[in-house]
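Only heavy atoms go into these numbers, but all of them, side chains included; no hydrogens, no water, no symmetry mates. Please read these numbers as outputs of a predicted model, since none were measured by experiment. Just so we're on the same page: letters track the sequence lines, and every chain starts at 1.
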Number of protein chains: 2
Amino acid sequence: MGRPAYRQLADILRERIESGRYRPRKPLPSELHLRQEFGVARDTIRRALALLAEWGLVRTIGGRGTFVRAVDRVTVRMEPGLRVFSRPATAAERVTLDLAEGAYVIVIERRDGVEVLPADSTEILVVE
Amino acid sequence: MGRPAYRQLADILRERIESGRYRPRKPLPSELHLRQEFGVARDTIRRALALLAEWGLVRTIGGRGTFVRAVDRVTVRMEPGLRVFSRPATAAERVTLDLAEGAYVIVIERRDGVEVLPADSTEILVVE
DNA sequence: ACGTATTTGTACGTATGTATC
DNA sequence: AGATACATACGTACAAATACG
């Protein structure tokens, strides 16, 4: 007994995203369409999509669709005088940064300004 | 029509946890029991429990039950020479830190040793 | 402005599998 | 072995949000 069906399906869809078959900012096929392609229940489709969303690969929007997220991982190097903290994203930030409801941002305050990055794709590296 | 049923149910259960009615390290009533108490489908119960798990309040274990997590929030102050990063928890860490499959830990490397903390209850504070 | 089609969200039911006690 | 509890997977129906003509 291998992994559950929804888990295998998530892997297949992940591969399609990473290979570029499903393109950034574009919607995946609808749940109905996926159900027909893979011959599984909608429940199984939705579980797989939820996994992908948890992994930060896609983002599902209300009566619209599930979209491939276009994000790169960012690494920030800590320096003295840098102030870094995290807070929930505002509505405007959710739009510009392509974030879901309830997502967090990381705020980086430098002397010359402030930078706001998605918390789920930002790495803070501390060097001495 | 306020929020969805599973959302309201999650709030009720959260209140019971925070009030101490459901005690740390003890199981919540089984899904069957909750279904009977609230008169909703198991699906609804499970969605509420999944929310609580996402919030870090409970942890569900295979054929055993859903347990109230006993964790305190920890705050770590950044200092020069400190290296902090995050990675998936190992199997052993999941046991000792009371974490679910797929959970992350935060690793803090100091000159005198390494500390590993649950990512969902650790706060990193950066001071200059 | 309106209705219709599409798509995701919620909620119910049922059955079976797996893990634990 | 049997009972209990969670996990997966199928099905159905309707609601809500969105898109489009």
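- Sorted by first and then second residue, the pairs that involve residues 20-30 of chain A and meet side chain to side chain donor-acceptor pair (under 3.5 Å), not counting sequence neighbours, are A:R16-A:Y22.
- With sequence neighbours left out, the salt bridge (charged side-chain N to carboxylate O under 4.0 Å, His left out) criterion links A:E109 to A:R83.
- The nearest whole Å value for the distance from the CD atom in A:E101 to the C1' atom in D:dA17 is 14 Å.
- The stretch residues 9-17 of chain A has no heavy atom under 4.0 Å from DNA chain C, so no residue of it qualifies as close.
- Heavy-atom neighbours of A:Y104 OH from other residues, nucleotides or ligands within 6.0 Å: at or below the threshold of 12.
- Counting only residues at least two apart or in different chains, salt bridge (charged side-chain N to carboxylate O under 4.0 Å, His left out) contacts with residues 40-54 of chain A comprise A:E31-A:R42, A:E31-A:R46, A:D43-A:R47.
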Heavy-atom protein contacts under 4.0 Å, nucleotides 4-9 of chain D, coded B base, S sugar-phosphate only, - none: -BBBBB

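- Pair check for D:dG21 finds C:dC2; Watson-Crick or G-U wobble, both atom distances under 3.5 Å.
- Partners of A:R14 by side-chain hydrogen bond (donor to acceptor under 3.5 Å, both in side chains), not counting sequence neighbours, listed by chain and number: A:D11.
- Applying the side-chain hydrogen bond (donor to acceptor under 3.5 Å, both in side chains) criterion to A:E115, with sequence neighbours excluded, gives A:R110.
- With sequence neighbours excluded, the residues that form a side-chain hydrogen bond (donor to acceptor under 3.5 Å, both in side chains) with B:T66 are B:T60.
- By the side-chain hydrogen bond (donor to acceptor under 3.5 Å, both in side chains) test, A:T90 pairs with A:E93, sequence neighbours left out.
- If you take CZ of A:R35 and C1' of C:dT8, they are 13 Å apart, rounded to a whole angstrom.
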